[in-house]
Every structure is written in C-alpha cells, then in structure tokens.
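Notes follow once the structure below has been shown.
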Amino acid sequence: MTRLHYSIDIDAPRQRVWDVLWDDKTYPEWTSAFMEGSHAVSDWKEGSTVQFLGPNGDGMLAVIEKKIPNERMTFRHRAEIKGGKEQPAASWSGAIEDYTLKDTGKGTTLIVELDTADELQGDVREGVPEGAPAG
C-alpha cells in the first residue's frame, strides 16, 4: 500500500470545517466531487462503523478508529459493500483514511492522509484538481 498526503488551507474555523466534513447534510456535497449521490451511514462515534455508499448502495465499510471532535477523524477500511452485503476488501483491507484539522490563526489547515493499494492509485487521483499535490 502507498500512503497519499494532501493538505489545504481553508478560511474558516476548525468547528465549521469539521461540521462540513461530517454533517449528514454537507457530507454528500463535498464527496460529490468523487461520486455524485454518495453518502455515509453512521452515528459518527469512535468505535462505530461507517458505510460509505454510492447512489446504488454499493461502497465501503469502515470503523472509526479515532475521533477527536474538531481535530481528527481516522477510519480503518474493513470491507466492500456490494448488493447490500459485505464482501472482503481484498488488497486495500485495513487501509487507513485520516483527517486532521489544525488551527492556523487565520483559519484551518485540513490534512488528509490515506492508504491506497498500488493498483488503485490512478483511481484515487481521478477528479483531483489540476495542480493538486501528487501525494
């Protein structure tokens, strides 16, 4: 697996960025850049599962390994969801997806780190704006 790293400075306080990332109403808005109609099903508590789903109901199952409100959310991916059923995740099982928010004094730096199977790296880069860091 390869670990990809991304960061962006946002002109908003950490609380606002956190709310946009994990609120059930705004999560589908920002994830639409990757897949229109995507959504998450979770109670968003540490130790709980999260279903990251596309509009057809297929997606991924993860566990919230770490949650520090307004600071950090870490997921460990466990399985794929196909036809409403959990399937082994194959090469990316156990992959980590980590979101960290840091106060800059003028706003927030959002740092995203994620593991990806080497054969999926091209898929992860699709939809990333031109000039974005390569990871």
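Predicted model only: the values in this text are computed from it and were never measured.
- More than 12 heavy atoms of other residues, nucleotides or ligands lie within 6.0 Å of CD1 in I68, so this atom counts as buried by the packing criterion.
- Taking CD from E65 and CG from D98, the interatomic distance works out to 10.0 Å, rounded to the nearest 0.5 Å.
- By the 30° and 60° cut-offs, the orientation of the rings of H77 relative to F75 is tilted.
- A continuous path of ILVMFWY side-chain contacts below 4.5 Å connects L110 to Y6, so both sit in one hydrophobic cluster.
- From Q15, atom CD reaches atom CG of N70 across 4.0 Å, with rounding to the nearest 0.5 Å.
- The minimum heavy-atom distance between K67 and I64, with the atom names listed, is CB-CG2, 4.1 Å.
- Counting only distance, with no hydrogens or angles, the side chain of T108 and the backbone of L101 share no donor-acceptor pair below 3.5 Å.
- Under the 4.0 Å criterion applied to side-chain N and carboxylate O atoms, D11 and K106 are not assigned as salt-bridge partners.
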Side chain to side chain contact (heavy atoms under 4.5 Å, CB included) evaluation trace for E80 with L61: CA-CA 6 Å; E80 286 186 78; L61 178 73; over 6 Å; no

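- Judged by distance alone, with hydrogens and angles left aside, the side-chain atoms of S32 form no donor-acceptor pair with the main-chain N or O of M35 at under 3.5 Å.
- Distance NZ/K25 to CG/D19: 12.0 Å, rounded to 0.5 Å.
- Between D24 and A40, the shortest heavy-atom contact is OD1-O, 4.3 Å.
- Contact check for I81 versus L53: side-chain heavy atoms found under the 4.5 Å cut-off.
- Cluster annotation: V20 and F34 are assigned to the same hydrophobic cluster (Ile/Leu/Val/Met/Phe/Trp/Tyr, side-chain heavy-atom contacts under 4.5 Å, transitive).
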For side chain to side chain donor-acceptor pair (under 3.5 Å), just list the numbers for D23 and W18, CA-CA rounded to whole Å, side-chain angles, deciding distance to a tenth of an Å, and then say yes or no. CA-CA 8 Å; D23 185 84; W18 182 268; over 6 Å; no

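- Counting only heavy atoms from C-beta outward, the side chains of I96 and T74 approach each other to under 4.5 Å.
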Full working for side chain to side chain contact (heavy atoms under 4.5 Å, CB included) between E71 and R14: CA-CA 7 Å; E71 187 175 325; R14 285 189 311 174; 4.1 Å; yes

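- A distance of 11.0 Å separates CD of E86 from CZ of R78, quoted to the nearest 0.5 Å.
- Put simply, the side chain of S48 never gets that close to the backbone of W44: no donor and acceptor are under 3.5 Å apart.
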Test log, rule ring-ring contact (aromatic ring centres under 6.0 Å, His included), inputs Y99 and W22: CA-CA 11 Å; Y99 296 78; W22 312 123; 5.0 Å; yes

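- Y27 and I8 fall within the same hydrophobic cluster, defined by Ile, Leu, Val, Met, Phe, Trp and Tyr side-chain heavy atoms under 4.5 Å apart, directly or through other members.
- Ionic pairing of D115 and R3 is present here: one or more N-O contacts between side-chain nitrogen and carboxylate oxygen are shorter than 4.0 angstrom.
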